[in-house]
Visitor: 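Once you've had a glance at the structure underneath, I'll fire off some questions.
This is a predicted model, so every value here is computed, not measured. One-based numbering, in listed order, for ligands and for the atoms of each.
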Amino acid sequence: MQILARCPKCDAGLPVDAGDGPFTIRCGRCATDIPLSFTEALRSDRAVDRCPLCAGGDFYRRKDFDPKLGVAIVAIGAVISAICYWYGRDLIAYGVLAAAAVIDLIVYGVLNDLTVCYRCHSEFRGSYERTAAGFDLHTADVLELEYERKIGRR
Ligand SMILES: [Zn+2]
Ligand SMILES: [Zn+2]
């Protein structure tokens, strides 16, 4: 399983492989040492049951979507439609915008789900079974506050 651990201090994303732990990684940005401990399920890529970073057991599921990709698609569409508009071809311009939106939807649809820790926002990618529910704002509010108090951010 691939894990993107979030540095508790500076929020940098640190990619790690779930392996035989516990071990400690060092943040490349702020040089904080971050102890990680992986459960058996994490190591064998079966399930995300406990966060190796904050030891929390609450996760949500979201699409593994790179926002930059979506922005790029829309930007390309906008440029093409601007060129068409310049030549007075309104219909084509609208068509291109619509096409960009459709491409966006398709890309979004084929993406895999990934699991995210509510507390520390670490991300989990792998072939494990997705059991987490969708994002819940109230849960996020409660758990993020709890975590930030614990690590002394608030
Ligand atoms: Zn850091
Ligand atoms: Zn966590």
Visitor: Group every Ile, Leu, Val, Met, Phe, Trp and Tyr by side-chain heavy-atom contacts under 4.5 Å, then state whether Leu14 and Phe23 land in the same group.
Guide: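 Hydrophobic grouping puts Leu14 with Phe23.
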
Visitor: Any idea which heavy atoms bring Ser122 and Arg6 closest together, and the distance?
Guide: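 Distance-wise, the nearest heavy atoms are OG-N, 3.2 Å.
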
Visitor: Around the Zn ion (ligand 1), what protein N, O or S atoms are found below 2.8 Å?
Guide: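 Result, waters dropped: Cys7 SG, Cys10 SG, Cys27 SG, Cys30 SG.
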
Visitor: Out of curiosity, Asp49 CG to Thr131 OG1, how far, rounded to the nearest 0.5 Å?
Guide: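 Output value for this atom pair is 8.5 Å.
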
Visitor: Side-chain contact test, heavy atoms from C-beta onward, threshold under 4.5 Å: evaluate it for Tyr128 versus Arg130 and give yes or no.
Guide: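 They are in side-chain contact.
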
Visitor: Anything protein N, O or S sitting under 2.8 Å from the Zn ion (ligand 2): count it and give me the total.
Guide: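 Near the Zn ion (ligand 2), the number of protein N, O or S atoms below 2.8 Å is 4.
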
Visitor: So among Leu114, Val48, Thr115, which one has a side chain to side chain contact (heavy atoms under 4.5 Å, CB included) with Glu123?
Guide: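 For Glu123, the side chain to side chain contact (heavy atoms under 4.5 Å, CB included) test succeeds with only one of Leu114, Val48, Thr115, which is Leu114.
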
Visitor: Compute whether any side-chain donor of one residue and acceptor of the other, for Asp33 and Thr24, lie under 3.5 angstrom apart.
Guide: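 Checked: Asp33/Thr24 side chains show no N/O donor-acceptor pair below 3.5 Å.
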
Visitor: Go through it in stages, so that I can follow the logic: the residues are Phe59 and Tyr118, the test is ring pair (Phe, Tyr, Trp, His ring centres under 6.0 Å), and I'd like the CA-CA distance, side-chain angles, deciding distance and then a yes or no.
Guide: CA-CA 5 Å; Phe59 305 93; Tyr118 267 117; 8.2 Å; no

Visitor: Is any side-chain heavy atom of Asp58 closer than 4.5 Å to one of Cys117?
Guide: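 Heavy-atom side-chain distance check fails, nothing below 4.5 Å.
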
Visitor: Answer yes or no: is there a side-chain heavy-atom contact under 4.5 Å between Asp17 and Gln2?
Guide: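 Yes. Closest side-chain heavy atoms under 4.5 Å.
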
